[in-house]
Amino acid sequence: MIIDQKTPAVDCTVIDYSAGGACLQLTGKIALPPRFELLHGLSRKRCRMVWKNGLRVGVAF
């Protein structure tokens, strides 16, 4: 995940991925902004966080 240009990329695990969004597992507690970019394979998607439960985050593209 790319939060902003000044912050190093944040590692996460993609639990589920579809055309409209994804479920991500974070590796630790991190304060995510409401919008960020997700790098997955060769794609780079602008995301909007729609829910958070512990270390899992749901995003929409």
Side-chain angles (χ1 to χ4, degrees):
M1 295 183 297
I2 298 175
I3 295 172
D4 63 45
Q5 299 300 325
K6 298 175 184 172
T7 306
V10 176
D11 286 331
C12 68
T13 301
V14 176
I15 303 297
D16 188 27
Y17 188 90
S18 68
C23 176
L24 310 173
Q25 176 80 35
L26 304 176
T27 56
K29 290 192 176 197
I30 183 167
L32 287 178
R35 296 184 183 273
F36 55 90
E37 291 187 0
L38 175 67
L39 299 174
H40 183 257
L42 298 176
S43 67
R44 184 174 182 152
K45 300 273 190 175
R46 289 184 180 210
C47 300
R48 176 178 52 89
M49 184 169 39
V50 292
W51 59 266
K52 185 173 182 182
N53 186 1
L55 294 179
R56 289 216 174 163
V57 177
V59 298
F61 304 134

Problem - Stepwise side chain to side chain contact (heavy atoms under 4.5 Å, CB included) check, L32 with V10 - result: CA-CA 10 Å; L32 287 178; V10 176; 5.6 Å; no

Handout entry: Minimal non-hydrogen separation, M1 against C12, with atom names
Key = CG-SG, 3.9 Å

Practice task
Name all residues meeting the ring-ring contact (aromatic ring centres under 6.0 Å, His included) criterion together with F36; count only those two or more places apart in sequence or in a different chain, and write none if there are none.
Solution key: none

Handout entry: Euclidean distance, K45 NZ relative to I2 CD1, rounded to 0.5 Å
Key = 14.5 Å

Practice task
State which residues pass side chain to side chain donor-acceptor pair (under 3.5 Å) with T7; sequence neighbours excluded, sorted by chain then number.
Solution key: D4

In a table with atom names and distances, give each donor-acceptor pair under 3.5 Å that connects a side chain of residues 52-61 to protein atoms at least two apart or in another chain.
unit_1: K52; atom_1: NZ; unit_2: I30; atom_2: O; d: 3.4
unit_1: R56; atom_1: NE; unit_2: Q25; atom_2: OE1; d: 2.6

Problem - Contact check, side chains of L24 and V14, non-hydrogen atoms, under 4.5 Å - result: yes

